[in-house]
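This report refers to the structure that appears directly beneath it.
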2 protein chains.
Amino acid sequence: MTLQNKSIVFSQIPKGLPTEEHLPLVSSEISSEAPKGGLLLQTLYVSLDPYMRGCMRDPSIKTYSEPYPLGKPINNFGISRVIDSKASGFKKSDLVISPYGKTVFSLYQSVSADELPFFTPVSDTEGIPLTYYIGILGMPGLTAYHALINIGGPLKSGETILVSAAAGAVGQIVGQLAKLHGLRVVGSVGSDEKVKFVTEELGFDAAWNYNKETDYYAAIDKYIPEGTDIFYDNVGGPLLDAVLLKSKVHGRIIACGAISQYNLQPEERYGCKNLIEIFQRRLTIKGFVILDTIVGDPETVKEVIGSLTKLVKKDADAFLFKEDVTDGIENLTTAFQGLLTGKNQGKSIVKFAD
Amino acid sequence: MTLQNKSIVFSQIPKGLPTEEHLPLVSSEISSEAPKGGLLLQTLYVSLDPYMRGCMRDPSIKTYSEPYPLGKPINNFGISRVIDSKASGFKKSDLVISPYGKTVFSLYQSVSADELPFFTPVSDTEGIPLTYYIGILGMPGLTAYHALINIGGPLKSGETILVSAAAGAVGQIVGQLAKLHGLRVVGSVGSDEKVKFVTEELGFDAAWNYNKETDYYAAIDKYIPEGTDIFYDNVGGPLLDAVLLKSKVHGRIIACGAISQYNLQPEERYGCKNLIEIFQRRLTIKGFVILDTIVGDPETVKEVIGSLTKLVKKDADAFLFKEDVTDGIENLTTAFQGLLTGKNQGKSIVKFAD
């Protein structure tokens with residue numbers, strides 16, 4: 001017996017924004033039985049994350065992420081349901097997540113015995129929304145918490161933090177955590193609606209719409225006249241350049257991502273002119289990749305996810321996590337474009353099935 | 001009684017390289033007696049350091065350094081002889097240094113009682129060349145040692161360090177210290193003669209002439225195929241950009257200076273395009289200003305200068321410090337231009353008197 005399968009396949013390396021030309025939806029057939037010692041999964045939800053753009057590259061270029069192989073379905077963090085199990089420890093109807101991002105972007109996925117260690121059952125959701133396991137309790141939550149508290153810390157009450165892409169999956173967690181530590185929190189976001197969201201719902205002290213207030217030097221002067229103690233940067237480019245000049249002496253920058261630069265060829269990238277400020281203002285800039293922690297430091301992962309779980313359970317109204325769920329695999333590429341251009345409202349997720 | 005004095009006066013704010021138009025030699029008269037409770041000094045040697053370019057600015061711009069006041073003689077680290085003393089603790093013929101850079105660039109300097117704390121007698125030179133007190137045992141030595149060992153450390157034997165301006169006052173100390181710690185040491189320098197100096201006399205493993213090998217990406221590929229673990233940067237600009245792309249994962253950058261950018265207006269500065277590598281390669285970049293340590297941490301200063309004194313005394317042939325001494329105050333501005341354009345061969349010093 002076979003099932004009709006559909007997959008988002010990496011067909012062509014994009015130069016700019018990926019389209020359905022690069023990521024077409026392809027039909028195929030898949031056995032309805034799990035392989036020997038393995039699983040057959042039905043994909044329920046997948047996470048869309050900016051770093052995936054970096055996987056869509058010439059495989060000869062080495063970076064922190066594995067390149068997507070051409071001609072194969074792409075993959076990332078996801079939540080699936082076991083529909084057939086020949087593996088001990090998994091039974092039909094179990095829900096599983098892939099903490100290493102090995103959920104394939106197909107309606108159904110065959111998991112061999114070798115691949116089993118990359119999947120973990122979710123045994124007890126205790127009222128936690130299922131999608132949280134690929135959001136605030138998944139890679140974005142781990143990224144936000146670990147980088148802010150462990151890499152950027154110790155945080156001091158009264159310090160000012162600027163968060164870029166502040167309404168995004170990572171930004172909204174960073175901002176709320178910083179508020180819990182008594183910081184003044186300012187966000188840069190891509191729409192007036194997001195300004196309202198982060199200030200009125202998440203409790204940010206201020207935020208600006210970078211599509212409207214395009215002089216970032218002036219925006220920082222206006223919203224952060226005291227200068228930044230910490231910049232949690234998801235965006236890179238001209239905002240990073242402006243912050244270099246507007247940091248307080250001994251300011252810190254946490255380099256988490258640079259989404260403004262991902263769709264540009266190296267020669268098209270923005271040239272930052274204020275690096276001289278790194279020593280003039282005695283700045284510390286730390287880059288990190290959360291995969292290092294996921295792979296190399298399971299103790300920290302456990303601790304951080306434990307802390308986030310407590311926050312989420314304690315009072316669901318006090319610590320928010322907004323999700324932007326797109327329905328249907330056929331709309332995935334458009335949703336990914338939206339993520340890369342700042343059109344998503346919260347954590348970007350695509351629902352494949354109920 | 002008066003003495004004929006001559007001074008280098010800050011007369012005009014330079015836009016590019018300072019000339020004698022901005023820093024003329026001006027004659028005046030000075031009393032041959034010390035002021036009440038103070039000293040009259042004859043200047044013997046002064047230090048020329050790149051940071052001085054930053055003091056020649058519009059005083060409304062705040063940076064780590066005090067701006068030079070227009071119409072007054074400039075100042076920096078120096079060595080002087082007491083020719084008249086009305087201060088206790090100082091007698092005629094004593095040699096004094098100014099650890100805070102308060103030696104005025106004049107043949108004679110009157111030090112008031114209020115200014116006395118900025119001057120320290122050098123009591124025992126024990127065979128140490130006098131000029132070392134404004135070089136390896138002064139600000140450049142402190143800068144090199146503190147930043148490499150305390151800020152950039154811990155150093156691991158087998159790591160590779162790239163030092164820019166490697167034949168300069170700071171670079172030559174950094175390179176030799178790194179060799180003592182078992183690192184592979186590579187330098188970027190401005191002439192073939194300097195390549196010879198750092199490789200044959202200082203023991204660097206490799207070096208290149210950046211005026212000849214102008215493609216810095218290719219130069220790093222050639223001389224540091226393994227990538228940099230540490231970049232001790234005195235230069236900034238395009239070399240810093242290239243290192244961002246050529247660092248090893250988890251590489252460190254010590255941002256000590258950016259001499260390639262000091263004579264440029266903000267809009268003329270080089271735009272670095274590789275900042276995305278900060279997170280991709282998980283880099284740590286630390287900027288520092290040694291003045292913070294001089295003013296705020298006298299214990300560290302004492303420790304570091306103590307360590308350097310031991311190195312210098314132990315074996316004068318094993319730990320070298322090359323100086324480039326220009327004779328005469330009338331040649332100072334030309335010597336400063338040479339420093340800013342990489343023409344000096346070692347620590348830049350001007351001799352005013354024997």
Side-chain angles (χ1 to χ4, degrees), chain A residues 50-51 54 61-65 143 147 151 217 227 233-241 244-245 247 249-262 264-293 296, chain B residues 50-51 54 61-65 143 147 151 217 227 233-241 243-245 247 249-262 264-293:
Chain A
Y51 89 91
I61 303 167
K62 302 275 172 246
T63 77
Y64 64 95
S65 64
T143 298
I151 297 175
Y217 296 90
D233 187 21
N234 296 302
V235 166
L239 181 57
L240 173 56
D241 205 19
L244 288 171
L245 193 71
S247 273
V249 166
H250 299 298
R252 293 109 80 193
I253 296 176
I254 304 168
C256 177
I259 197 169
S260 71
Q261 308 296 300
Y262 294 166
L264 302 176
Q265 297 298 302
E267 67 279 7
E268 297 169 340
R269 287 195 189 131
Y270 177 84
C272 285
K273 295 203 162 193
N274 292 323
L275 274 76
I276 191 172
E277 301 298 333
I278 296 174
F279 84 87
Q280 296 209 143
R281 292 175 190 272
R282 303 79 144 168
L283 307 180
T284 298
I285 308 179
K286 284 188 188 176
F288 77 101
V289 161
I290 201 64
L291 197 67
D292 293 340
T293 312
Chain B
Y51 89 91
I61 303 167
K62 302 272 172 248
T63 78
Y64 64 95
S65 63
T143 299
I151 297 175
Y217 296 90
D233 187 21
N234 296 303
V235 167
L239 180 58
L240 173 56
D241 206 19
V243 171
L244 289 171
L245 193 72
S247 272
V249 166
H250 299 297
R252 292 111 78 194
I253 295 176
I254 304 168
C256 177
I259 197 169
S260 72
Q261 308 296 298
Y262 292 168
L264 303 176
Q265 296 299 300
E267 68 279 7
E268 298 170 338
R269 287 196 188 131
Y270 177 85
C272 285
K273 296 205 162 194
N274 291 324
L275 273 76
I276 191 172
E277 300 299 332
I278 297 174
F279 84 88
Q280 295 209 144
R281 294 177 188 271
R282 302 83 142 168
L283 307 180
T284 298
I285 308 180
K286 284 188 188 172
F288 78 101
V289 162
I290 201 65
L291 196 66
D292 293 341
T293 312

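Order of the sequence lines fixes the chain letters, A, B, ..., with proteins taken first and strands second; residue numbering starts at 1 for each chain. Nothing here was measured: the structure is a model prediction, and the numbers come from that model.
- Proximity to chain A is limited to the side chain of B:Leu240, based on heavy atoms less than 4.5 angstrom apart.
- When heavy atoms are compared at a cutoff of 4.5 Å, B:Asp233 does not approach chain A at all.
- Scanning both residues, A:Gln280 and B:Val289, for their nearest heavy atoms gives O-CG2, 4.3 Å.
- Listed here is the closest heavy atom pair of A:Arg282 and B:Phe288: CG-CA, 4.0 Å.
- The heavy-atom pair separating A:Asp292 from B:His250 by the smallest distance is OD2-CE1, 3.5 Å.
- Among pairs with a residue in residues 269-280 of chain A, those fulfilling salt bridge (charged side-chain N to carboxylate O under 4.0 Å, His left out) read A:Glu277-A:Arg281, at least two apart in sequence or across chains.
- Top candidate by heavy-atom pairs under 4.5 Å with chain B, chosen from A:Gly236, A:Gly257, A:Gly237, is A:Gly257.
- Looking at B:Thr284, the atoms closer than 4.5 Å to chain A (heavy atoms on both sides) sit in the backbone and in the side chain alike.
- One finds the NZ atom of A:Lys286 at 12.5 Å from the CZ atom of B:Arg252 (value rounded to the nearest 0.5 Å).
- Contact count against chain B (heavy-atom pairs under 4.5 Å) is highest for A:Cys272 among A:Ala258, A:Ser65, A:Gly54, A:Cys272.
- Looking only at side-chain heavy atoms (C-beta outward), B:Leu275 and A:Gln261 stay at 4.5 Å or farther from each other.
- Residues passing the side chain to side chain donor-acceptor pair (under 3.5 Å) test with B:Tyr270, sequence neighbours excluded: B:Asp241.
- Note that OG1 of A:Thr63 and CZ of B:Phe279 are 8.5 Å apart. Values are rounded to the nearest 0.5 Å.
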